[in-house]
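Below is one structure; the comments refer to it alone.
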Amino acid sequence: MEVKDYMKLPYTRLVQEMNDESGHYFYGRILELDGCQSTGDTLDELYRNLNEAMEGYIEIKLENNLPLPIPETVSSFSGRFVVRLPKSLHQRLAIEAEKEGVSLNQLALYKLAL
């Protein structure tokens, strides 16, 4: 595959609006490509900069015959995973779910979505 082929793949872009000592800007990264990130003063600028960073990242990997991850699709995931937790936390969450009138699963989903 060539750079243009990789650029068409549905990589996951994580975008954050930032307000810090540098001012107001947008920060983005490609989750599947470790270290591939950029910033921009506007969302449009961030998108352009992130695509440029991604293109350079892919070019370097290909030039050096290094592996490039292919993005996972949603259908690759079942939507289910198991979490082990301390008995005291399990008890506390079960009590909270009962008070809210929801299942423990619904409460956990709500808390994970925050």
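- With a 6.0 Å radius and a threshold of 12 heavy atoms from other residues, nucleotides or ligands, Glu59 has its CD atom above the threshold.
- The two atoms that bring Glu32 and Pro69 nearest to each other are O-CG, 3.1 Å, heavy atoms only.
- Under the 4.5 Å side-chain heavy-atom criterion for ILVMFWY residues, a single connected hydrophobic cluster contains both Val102 and Leu104.
- Distance check: Met54 CE to Tyr47 OH gives 8.5 Å after rounding to the nearest 0.5 Å.
- A single hydrophobic cluster is not seen to contain both Leu31 and Met7; linkage of ILVMFWY side chains at heavy-atom distances under 4.5 Å, directly or through other members, places them apart.
- The distance from atom CG of Leu109 to atom NZ of Lys111, rounded to the nearest 0.5 Å, is 12.0 Å.
- With rounding to the nearest 0.5 angstrom, the CD atom of Glu2 is 5.5 Å from the CG atom of Asp5.
- Cluster annotation: Met1 and Leu66 are assigned to distinct hydrophobic clusters (Ile/Leu/Val/Met/Phe/Trp/Tyr, side-chain heavy-atom contacts under 4.5 Å, transitive).
- Shortest non-hydrogen contact noted between His24 and Asp41 is O-OD1, 4.4 Å.
- Expressed to the nearest 0.5 Å, how far OG1 of Thr39 lies from CZ of Arg29 amounts to 14.5 Å.
- No donor-acceptor pair closer than 3.5 Å links the side chain of Asn51 to the backbone N or O of Arg48.
- Put simply, CG on Asn49 and CZ on Phe26 are 12.5 Å apart, with the number rounded to the nearest 0.5 Å.
- For Asp34, the CG atom is loosely surrounded, since the number of other residues' heavy atoms within 6.0 Å does not exceed 12.
- The side-chain heavy atoms of Leu46 and Tyr25, taken from C-beta on, include no pair separated by under 4.5 Å.
- The environment of Glu52 atom CD is sparse: at most 12 non-hydrogen atoms of other residues, nucleotides or ligands sit within 6.0 angstrom.
- Glu17 CD: more than 12 foreign heavy atoms inside a 6.0 Å radius.
- The nearest pair of heavy atoms linking Cys36 to Leu50 is O-CD1, 4.4 Å.
- A pairwise comparison of heavy atoms in Ser38 and Ala53 identifies CB-CB, 4.4 Å as the closest pair.
- For the atom pair CD1 (Ile58) and NZ (Lys61), the distance works out to 10.5 Å, reported to the nearest 0.5 Å.
- Linking Ile, Leu, Val, Met, Phe, Trp and Tyr whenever their side-chain heavy atoms come within less than 4.5 Å puts Ile70 and Leu33 in one cluster.
- Of all non-hydrogen atoms in Arg13 and Ile30, the two that sit nearest each other are CG-CD1, 3.5 Å.
- Counting only distance, with no hydrogens or angles, the side chain of Gln37 and the backbone of Tyr27 share no donor-acceptor pair below 3.5 Å.
- In this structure, Leu112 is a member of the same hydrophobic cluster as Leu93, with clusters built from ILVMFWY side-chain heavy atoms closer than 4.5 Å.
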